[in-house]
S.K.: 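Okay, here's the structure, questions in a sec.
Counting from 1, the numbers follow the sequence of the chain as shown. Note that ligands are numbered from 1 as they come in the structure, with each ligand's atoms numbered from 1 the same way.
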Amino acid sequence: MQKIYISDLAKYVGQEITIQGWLYNKRSSGKLRFLVLRDGSGYLQCVYFKGNVTPEVFDLCDKIGQESAIEVTGKVKAEPRAVGGYELDATHLNVLHETHDYPITPKDHGIEFLMDNRHLWLRSSRQVAIMKIRHRIVKAIRDFFDNKGFTLMDAPILTPAACEGTSTLFETEYFDLGKAYLTQSGQLYAEAGALALGKVYTFGPTFRAEKSKTRRHLTEFWMVEPEVAFADLNDDMDLAEEFLEYIVQSVLTDRAEELKTLERDTTKLQCVKRPFPRISYDEAVEILKKNGVEFEYGNDLGAADETIVSNQFDRPVMVHRYPSEVKAFYMKRDPENPKLALAVDVLAPEGYGEIIGGSQREDDFDLLLSRIKEHNLPQAAFEWYLDLRRFGSVPHAGFGLGLERTVTWICGLDHLRETIPFPRMIYRNTP
Ligand code: 4AD
Ligand code: MG
């Protein structure tokens with residue numbers, strides 16, 4: 001018998017086939033047993049009619065529990081009313097692993113219980129949909145940069161120094177060489193890459209010892225970081241908006257079914273088209289004041305502030321030129337106002353907040369060195385980075401997009417924890 005996947009059913013209408021998978025759900029009615037099978041590629045209702053199968057098979061239908069591993073055989077029928085549009089007129093059932101008392105049932109479970117059982121929770125239709133969208137986003141990210149002539153150049157995970165401030169570093173002993181830190185960002189290495197290859201991106205896990213217990217912070221998350229030589233802040237913003245449009249439109253085109261499973265309002269995503277609004281930090285502060293927020297000029301925007309600002313727009317908004325005090329040491333100052341950094345944060349609509357942080361980099365040796373000193377960073381650990389300003393220094397810019405925040409927004413979820421297979425947060429590092 002031909003073994004196929006549910007996603008290929010369309011090619012087998014009227015034929016006898018076999019599918020291996022797990023029992024997702026079942027119900028019975030008189031002489032009929034309905035087994036819903038899932039195989040990772042989709043869902044299929046298998047109909048067992050008492051007159052068509054042996055008594056043993058019919059009894060097995062009653063006996064096996066949710067998540068039993070099974071092999072079904074039968075004839076494929078087009079059935080517009082069924083999940084996926086097909087149904088199996090089943091003739092055989094082979095039980096590969098009989099399961100009873102699967103802990104996650106169709107009833108409601110508390111979030112802590114689900115998180116403790118994340119390894120099983122991943123099998124639910126909602127989690128499968130999120131993982132498929134995450135994968136599609138990863139592919140869009142890679143395709144976008146690959147098609148534009150960027151080279152993927154991965155950065156190390158174990159690093160000798162901080163990139164995004166010293167307060168969120170995970171530290172470990174590194175043999176005789178003292179301390180090493182889990183990377184917060186691949187950016188500094190991406191800069192070396194941009195000066196070698198012109199246009200590069202890093203894409204990997206990054207780590208922040210975030211003590212905050214919020215819905216948008218993980219301690220381990222994935223970040224993609226493009227870096228471009230001979231680029232300024234405007235080029236950086238052009239790249240970011242083209243990139244986000246491409247990601248969102250790719251998911252809309254290829255993952256419509258999964259967005260439906262998540263009941264995502266896709267009209268909101270359809271708006272994500274260039275050009276995106278670009279406002280300065282000063283203009284963002286004006287918006288906050290008009291909305292009655294007591295905001296102290298010079299502070300960074302908090303989550304609540306970002307929501308108010310982004311709610312003014314139907315697509316992502318780019319906020320540029322933040323006070324340099326609240327931004328990282330490597331950002332170039334605005335020549336027209338040295339109190340401002342040539343930074344940009346992209347805020348997602350619908351209250352999702354910052355998904356991208358980027359900037360033009362300080363390319364002047366003396367200025368960069370004085371920043372390193374001002375920030376009390378260990379100069380020795382940054383000598384290699386300073387070399388990039390000693391030899392062939394050019395204007396360059398880049399940004400980092402947080403994968404999980406992007407998945408959260410596109411899927412319309414209210415917490416980051418469902419967007420990564422095994423989330424790491426301040427109070428959770430299992431399973
Ligand atoms: O704004 P951040 O800190 O920027 C950087 O790390 C730069 N070095 C990037 C660059 O210019 N190459 O982080 C970038 C993005 C944020 O906008 C957010 O989407 C995500 O990374 N992010 C987090 N996501 C989940 N949990 C956390 N704790 C995150 N911290 C940052
Ligand atoms: Mg940021």
S.K.: Does a sphere of radius 6.0 Å around OH in Tyr5 hold more than 12 heavy atoms from other residues, nucleotides or ligands, not counting ones at 6.0 Å or beyond?
M.R.: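 Open: at most 12 neighbouring heavy atoms sit under 6.0 Å from OH of Tyr5.
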
S.K.: Are Glu241 and Arg274 close enough for a salt bridge, meaning some N to O gap below 4.0 Å?
M.R.: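 No, no charged N to carboxylate O under 4.0 Å.
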
S.K.: Output side-chain donor-acceptor pairs under 3.5 Å for residues 288-299, partner residues at least two apart or in another chain, one line each.
M.R.:
| from | atom 1 | to | atom 2 | distance (Å) |
| --- | --- | --- | --- | --- |
| Asn291 | ND2 | Ile287 | O | 2.8 |
| Tyr297 | OH | Asp282 | OD1 | 2.7 |

S.K.: Could you go through Arg126 and Glu418, starting from their C-alpha distance and side-chain angles, then the distance that decides it, and tell me whether this counts as salt bridge (charged side-chain N to carboxylate O under 4.0 Å, His left out)?
M.R.: CA-CA 9 Å; Arg126 180 183 156 86; Glu418 287 178 74; 2.9 Å; yes

S.K.: Name the residues in contact with ligand 1, where contact means a heavy atom under 4.0 Å away: which are they?
M.R.: Glu164, Ser185, Gln187, Arg208, Glu210, Arg216, His217, Leu218, Phe221, Met223, Glu225, Tyr330, Glu354, Ile355, Ile356, Gly357, Gly358, Arg361, Gly398, Phe399, Gly400, Gly402, Arg405, Leu416

S.K.: Could Glu258 and Arg136 be called an ion pair, given the rule that one side-chain N must be under 4.0 Å from one carboxylate O?
M.R.: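 Salt bridge flag = no for Arg136 with Glu258.
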
S.K.: May I ask you to check if any N/O/S atom from Glu354 comes under 2.8 Å of the Mg ion (ligand 2)?
M.R.: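 A backbone or side-chain N, O or S atom of Glu354 is under 2.8 Å from the Mg ion (ligand 2).
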
S.K.: In terms of ring plane angle, is the pair Phe150 and Phe145 parallel, tilted or perpendicular, where the classes change at 30° and 60°?
M.R.: tilted

